[in-house]
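Worksheet: one structure, shown below.
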Amino acid sequence: MADYRKMWTDLGMDLEKHDLLCAALPGAFSEVFLSQENRPEGMDYFNFVVAEIHGVRPAELVEHKQRGGKVFGTFCVYVPDEVIIAAGAVATGLCGGSQFWVPDGERVLPANTCPLIKASVGARLGRTCPFFRLADVYIGETTCDGKKKAWEILRQDVPVHVMELPQMKREKDIAAWAGEIRLLMEKVEEVTGNRVTPEALAESIRLINRKRRALARLYNARKSSPVPISGRDALLISQIAFYDDPARFSAQVNALCDELDQRIARGEGVFSSDAPRIMVTGTPMAIPNWKLHHIIETCGAPVVVEETCTGVRYFENFVDESRVDLDGQVQALAERYMRINCACFTPNTGRIDDILRLVKEYKVDGVVDCSLQFCTLYSTESHLVQQALRKAGIPVMHLETDYSEQDSGQIKTRVQAFLEMLRK
Amino acid sequence: MITAGIDVGSLSTDAVLLRDGEVLAYSIVNTGAQARAAAERAFEEVLEKAGISLSEVDTVVATGYGRMSVPFADGQVTEISCHGRGSAFLNPEVRTVIDIGGQDSKVIRLDGQGNVIDFLMNDKCAAGTGRFLEVMADRLELSVAGLGNEDLKAERAAEISSMCTVFAESEVISLIARGVPRPEIVRGLHRSIAERTAGMANRLGVMPRVMMTGGVAKNPGVVRALSEKLGAEIVVPPEPQIVGALGAALIARKKRSGKA
């Protein structure tokens with residue numbers, strides 16, 4: 001990795017602690033990713049981005065800020081990047097996928113908070129994530145109780161703008177979300193000093209739609225049997241989508257997909273075509289959380305689709321590009337984002353429909369429904385998910401886990417038993 | 001054809017030798033600190049008991065949490081599939097298997113052919129497992145094997161509300177301090193395990209017949225408490241501790257002959 005120590009010092013990071021993370025990541029990455037056989041060459045770019053995850057992209061953001069640009073940190077797939085980009089600012093995901101950050105989060109949060117929130121808060125307060133140092137403003141949302149309260153703690157340290165996400169999907173809720181997008185627009189204009197024009201918003205809507213199309217193309221390739229790319233690699237790409245420059249990212253994903261198309265034409269895959277095809281559904285997997293995919297795939301079964309926020313929820317459905325006035329564009333954004341099916345909504349039958357549809361589209365043999373520990377919403381919804389899958393005759397297994405490795409052996413046994421059951 | 005199954009569990013390691021669907025011999029040793037050494041010991045012991053030499057064994061399948069630490073195994077299969085297969089072999093009518101081992105407990109649903117159709121396993125915690133009973137027996141100055149008899153002497157069960165090994169132990173300490181008779185404490189502990197296990201079983205759905213396997217099935221107090229909680233008769237095989245190893249030996253046989 002190039003030397004970014006000066007940048008990290010300038011960003012006010014705790015270098016000594018951050019070094020521990022830098023020392024641990026290459027080993028984990030190599031074990032999970034580089035050990036795979038027959039990886040597509042197009043993964044090189046994504047390998048590079050991860051190897052330099054706290055360096056190369058943050059350096060671009062530093063440059064952007066030196067030119068007077070602003071950076072908005074986001075936590076959730078409901079926050080419309082389009083609005084931020086239309087004001088000339090950068091939207092970036094934030095750290096939150098490693099046990100490394102959990103102890104710093106537990107200094108201020110109850111132990112029975114989900115690891116994603118603990119790690120995010122810990123990464124900020126422990127000063128061990130450059131993205132958390134770079135963001136001028138964080139955009140929070142009201143997707144769960146843990147996050148709502150965490151914003152209040154983070155706000156003592158850095159400005160947080162919270163969007164109130166409705167929890168039902170009636171007409172008035174979509175209108176309310178459009179109102180929140182308007183407020184976000186005002187906030188972004190205030191912070192950047194730039195007006196969001198219909199032309200700029202139309203441009204950013206097209207930009208993010210192109211990113212969605214690229215990801216949809218990648219996922220479409222995974223419908224093939226044998227599957228041309230591992231679930232781990234696809235997950236990695238989805239995770240990088242939250243950080244990378246959208247135009248460059250889309251180009252790289254499309255280049256990879258050209259290679260995957262050739263593999264499909266040759267009938268070439270990374271798992272044999274009789275290996276059971278697994279869907280993962282549940283809570284998001286923030287980088288570098290690769291635990292479940294690694295276990296499932298080293299047990300011999302490919303993960304072919306994720307019904308998660310680091311999966312199809314991130315890119316399915318496009319924003320209507322035909323609207324040319326701000327009101328129409330905001331309405332189009334609200335409609336698209338409100339089509340995401342998160343367990344924070346009641347009822348959330350759309351998610352069950354999605355899961356059953358994806359089982360067919362991706363020819364799924366078994367579903368692993370995985371919740372991060374203490375995520376009441378997804379853990380509770382699991383009952384309905386399992387019920388619907390059983391009714392449809394699709395084997396399903398529920399797991400609850402966190403970022404630590406202490407339960408890896410046990411989870412491996414359960415996953416193996418599940419696969420033995422599918423293979424009988 | 002002779003096949004062997006070796007189940008390396010957290011507390012005990014068990015081996016079974018099978019010739020043409022008939023159990024030749026079995027062994028049970030403590031796992032101790034070295035899974036690999038325990039597997040070797042159990043294997044040597046079972047060969048000696050059967051009077052068979054190593055070269056006569058066609059295939060070995062390892063199972064249990066230490067299944068990857070058996071260098072002489074030809075394959076590894078999870079304890080879930082093995083308990084299912086072993087139980088169905090012992091009683092083809094079994095549709096639900098409740099296995100309580102040293103560090104985990106599981107409920108397995110079977111089709112009529114010994115195939116697993118669904119299962120649940122406890123979370124990363126010793127509550128309601130063999131280890132839980134070991135800790136409590138130690139606290140009560142009893143052997144694990146003595147818990148069943150102690151339960152029989154009770155006129156009622158003491159109330160133990162915590163499922164957590166650490167908290168339940170402090171409850172036991174305060175019951176001892178209050179002078180509650182030991183048999184009542186033991187029965188209370190058995191009920192506590194039964195409650196937790198029944199909760200898991202009911203989540204999966206209990207279909208008769210129900211078989212209980214694993215070391216804890218040797219404790220008639222737990223079996224009775226669980227049977228009451230489930231409202232179902234529970235079949236306990238003569239040697240419940242070796243069902244996993246038996247299943248592994250059966251799967252080894254199937255692997256070898258290639259027949260379903």
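Lettering follows sequence order; numbering is per chain, from 1. It should be emphasised that the depicted structure is a prediction, and the values quoted were computed from it without experimental measurement.
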| said: Using ring centroids (six-membered ring only for Trp), state whether A:Trp101 and A:Tyr403 fall under 6.0 Å. | reply: no

| field | Side chain / backbone / both / neither for B:Ile117 at chain A, heavy atoms under 4.5 Å | value | both

| message | Could you check whether A:Arg357 pairs with A:Asp354 (Lys NZ or Arg NE/NH1/NH2 to Asp/Glu carboxylate O, under 4.0 Å)? | response | yes

| message | I'd like to know which of A:Met397, A:His383, A:Gln416, A:Glu420 tops the heavy-atom pair count under 4.5 Å against chain B. | response | A:Glu420

| field | disulfide (SG to SG under 2.5 Å) against A:Cys375, all qualifying residues, sequence neighbours excluded | value | none

| query | Which one of B:Leu120, B:Ile80, B:Val116 has the most heavy-atom pairs closer than 4.5 Å to chain A? | reply | B:Val116

| task | State plainly whether the residues B:Arg67 and B:Glu79 are in salt-bridge range, i.e. N to O under 4.0 Å. | result | yes

